[in-house]
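Each remark here refers to the structure printed beneath this line.
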Amino acid sequence: MLKRITLTQFLVSRQRDKSLINADLRLLIETIARACKGISTRVTKGALADGLGSAATKNVHGEAQKTLDVLSNEILLEANEWGGNLAALASEEMEDPRPIPTHYPRGEYLLLFDPLDGSSNIDVNISVGTIFSVLRCPKTDAGAYCDPSEQAFLQPGRQQVAAGFAVYGPTTLFVITVGDGVYGFTLDRETYSYVLTHPDIKIPEDTQEFAINMSNARRWEPPVKRYIDECLAGSDGPRGKDFNMRWVASMVADVFRVLSRGGIFMYPRDSKLKDGRLRLMYEANPMSFIVEQAGGAATDGTTRILDLQPSALHQRCAVILGSKNEVERVTSYHRK
Ligand code: AFP
């Protein structure tokens with residue numbers, strides 16, 4: 001039986017043997033992974049823990065019910081504020097970045113996350129997840145860390161030093177990259193440690209599977225409509241092969257499927273969502289870093305997502321990512 005290695009052993013190897021990460025970044029990733037165990041436990045309890053529903057409900061103690069989004073956000077904030085490796089945190093659930101409290105030491109990294117992505121699927125028992133992205137806090141000319149304001153976060157995705165996501169599904173998976181490929185870990189619920197089960201994930205360059213919310217079809221721009229129509233035409237059409245479709249409406253689940261067996265995931269801009277739906281800083285950027293590290297591609301239709309210069313923390317962008325040859329085809333249609 002192949003001896004499985006744990007997330008900690010994997011990170012120590014990246015720190016000690018490859019000098020790819022330092023102790024602070026290793027602690028950060030381990031802390032996020034541990035927080036995701038806590039979120040996984042709450043998600044898995046579901047209705048048993050009154051974890052569903054909106055914040056308007058009351059739990060058995062008559063306390064104001066918090067949604068899982070808010071709870072997940074709090075779990076990640078509390079886990080990450082004391083480590084001394086972060087200057088600030090930013091979350092989909094918080095309008096402004098949260099500087100590390102002054103009674104804790106600050107460090108060189110900026111952490112961004114979507115604490116519970118796909119949360120509209122919670123009540124219907126479909127996989128959800130957590131997405132995170134790590135940047136370095138810029139320094140002043142004097143070498144001091146900049147004030148971790150929103151401006152400090154507005155770096156293109158190619159500046160990321162690490163990214164990852166958890167999927168709370170039939171198994172709890174933790175997928176990361178620190179710049180030398182993509183590695184997937186499964187939470188062993190007997191030992192409660194993450195075990196490497198998907199080493200060096202690679203996305204097939206071709207696919208016959210697309211993921212898009214078809215209910216938006218009437219709003220798509222011509223290049224997207226052309227691409228999907230050609231997939232739907234199948235073997236009788238210009239592609240000469242049949243295509244399958246999947247749409248979980250949880251980005252973490254759709255992206256993990258693309259990592260596992262290829263595919264193209266699309267949330268394009270359209271006549272209603274003129275900037276797309278997904279958030280650049282803590283959904284598109286981390287997922288694009290991961291997809292590129294697995295040999296795939298990620299654009300907004302015309303530009304590599306990791307090259308987009310952000311202008312606002314919560315800005316949205318179009319996302320077309322996955323099997324390289326398909327993403328390049330869609331991007332070429334946008335350029336014609
Ligand atoms: P929620 O977190 O509001 O459920 O949105 C999930 C998401 O941001 C992303 O995970 C999905 O890919 C996408 O939105 C689903 O969007 P549609 O509901 O429009 O299909």
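All ligand and atom numbering here is 1-based and tracks the order in the structure.
Judged by a 6.0 Å distance limit and a 45° cone about the ring axis, R14 is positioned over the six-membered ring of Y183.
Proximity to N213 (heavy-atom distance under 4.0 Å) selects the following atoms of ligand 1: 17 (P), 19 (O), 20 (O). Taking a cut-off of under 4.0 Å to the non-hydrogen atoms of S250, the atoms of ligand 1 that pass are 10 (O). For ligand 1, the atoms lying closer than 4.0 Å to a non-hydrogen atom of S119 are 1 (P), 2 (O), 4 (O).
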> Going through the checks in order, is the side chain to side chain donor-acceptor pair (under 3.5 Å) test met by T41 and Y192?
Replying inline: CA-CA 11 Å; T41 302; Y192 231 56; 2.7 Å; yes
> Can N325 and D206 be said to form a side chain to side chain donor-acceptor pair (under 3.5 Å), step by step?
Replying inline: CA-CA 6 Å; N325 293 340; D206 294 299; 2.9 Å; yes
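Atom 2 (O) of ligand 1 has as its closest protein heavy atom G118 N, 3.0 Å. At the shortest separation from atom 19 (O) of ligand 1 among protein heavy atoms lies Y267 OH, 2.6 Å. Distance from atom 7 (C) of ligand 1 to its nearest protein heavy atom, with residue and atom name: R277 NE, 3.8 Å. The protein heavy atom nearest to atom 12 (O) of ligand 1 is M251 N, 3.5 Å.
Of the possible donor and acceptor atoms, one in the side chain of S288 sits under 3.5 Å from a partner among the backbone N and O of A284. Judged purely by atom type and a 3.5 angstrom limit, Q9 uses its side chain to pair as donor or acceptor with the backbone of T6.
Atom CG of D180 has more than 12 neighbouring heavy atoms from other residues, nucleotides or ligands inside a 6.0 Å radius.
For the ligand labelled ligand 1, residue E283 lies inside the 4.0 Å heavy-atom shell.
Shortest non-hydrogen contact noted between A79 and T31 is O-CG2, 3.1 Å.
The proximity of S120 to ligand 1, defined as any non-hydrogen pair under 4.0 Å, involves the side chain as well as the backbone. If you look at L278 next to ligand 1, the close heavy atoms, those under 4.0 Å, all belong to the side chain.
Comment: K139 does not engage E108 in a salt bridge, judged by the lack of any side-chain N to carboxylate O separation of less than 4.0 angstrom.
The shortest N or O to N or O distance between D254 and ligand 1 is not below 3.5 Å.
The residue among A253, A249, S215 with a heavy atom at the shortest distance from atom 11 (C) of ligand 1 is A249.
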